[in-house]
Amino acid sequence: MRPWRDRGTVGLAVTWWGLAMLVLALAGVAGGADLAATQASARTAADAAALAGAGAHPLAGGAGDACQAAARLASANGARLASCEVTGTRPSRLRVAVRVAAEPTTAVLRDTVGSVEAAATAGLARAAPAAGGERVDR
């Protein structure tokens, strides 16, 4: 029979090992959630920036620079504008393509993954005829 002082050490080691594995699993889940939220935020910022850029272009009736408007809206959504390209010389051909980058909130992900990028393109569409075949110009 073993002396009293040796009893329970294996149980204690297994408990600590289990707690360590639980902490690592929770850290992995939290990191994955942060990365998923950053990706969604980057996609939202890219979509909004492209739409803002297309709306600000003079061909769309705007009075400003498309890329400046895209940069402002990307920044307002927690991202930075990485690139902006405006093409088209007629309203029906106008396209604003943007790429934005967003940073994860977790320092470990910022150091290992870096910034998360997303891209979007927006343009003008022709107005569809109103119901009943009448054309409505606004």
Side-chain angles (χ1 to χ4, degrees):
M1 185 163 218
R2 288 192 263 171
W4 173 259
R5 68 181 183 275
D6 287 343
R7 290 188 181 173
T9 55
V10 172
L12 187 60
V14 168
T15 301
W16 281 112
W17 179 256
L19 285 174
M21 292 296 105
L22 180 63
V23 166
L24 286 175
L26 290 175
V29 169
D34 183 26
L35 192 57
T38 303
Q39 288 172 339
S41 176
R43 285 191 303 268
T44 300
D47 289 341
L51 288 169
H57 195 277
L59 289 176
D65 181 24
C67 291
Q68 285 179 355
R72 279 194 305 271
L73 206 57
S75 178
N77 281 292
R80 66 177 165 75
L81 189 66
S83 69
C84 177
E85 182 181 355
V86 180
T87 58
T89 56
R90 296 187 325 222
S92 63
R93 301 271 183 203
L94 175 65
R95 295 288 177 265
V96 178
V98 299
R99 180 172 296 281
V100 301
E103 300 291 328
T105 57
T106 309
V108 173
L109 285 177
R110 278 193 306 269
D111 294 341
T112 57
V113 176
S115 60
V116 175
E117 290 191 352
T121 302
L124 301 178
R126 286 206 166 124
E134 297 177 43
R135 183 177 171 99
V136 177
D137 292 325
R138 294 181 190 191

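Nearest heavy atom pair, residue A70 against residue V98, reads CB-CG1, 4.0 Å.
Applying the side-chain contact (heavy atoms from CB on, under 4.5 Å) test to R72 and every residue at least two apart in sequence or in another chain returns Q68, A69. The side-chain contact (heavy atoms from CB on, under 4.5 Å) check on C67 picks up D65, C84, V86, with sequence neighbours excluded. For T87, the side-chain contact (heavy atoms from CB on, under 4.5 Å) criterion is met by E85, R95, not counting sequence neighbours.
Grouping the Ile, Leu, Val, Met, Phe, Trp and Tyr side chains by contacts below 4.5 angstrom, directly or via other members, places V100 apart from V116. In the hydrophobic clustering of ILVMFWY residues, with side-chain heavy atoms under 4.5 Å counting as a link, L22 and V29 come out apart.
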In residues 40-59, what donor-acceptor pairs under 3.5 Å come from side-chain atoms, sequence neighbours left out?
from : atom 1 : to  : atom 2 : distance (Å)
T44  : OG1    : A40 : O      : 3.0
H57  : ND1    : L59 : N      : 3.0

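A distance of 9.0 Å separates CG in L73 from OG in S75, rounded to the nearest 0.5 Å.
Within the structure, no pair that satisfies the salt bridge (Lys or Arg N to Asp or Glu O under 4.0 Å) test touches residues 19-32, not counting sequence neighbours. For the side chain to side chain donor-acceptor pair (under 3.5 Å) condition, the pairs that include at least one residue of residues 105-120, sequence neighbours left out, are D34-T105, D34-T106.
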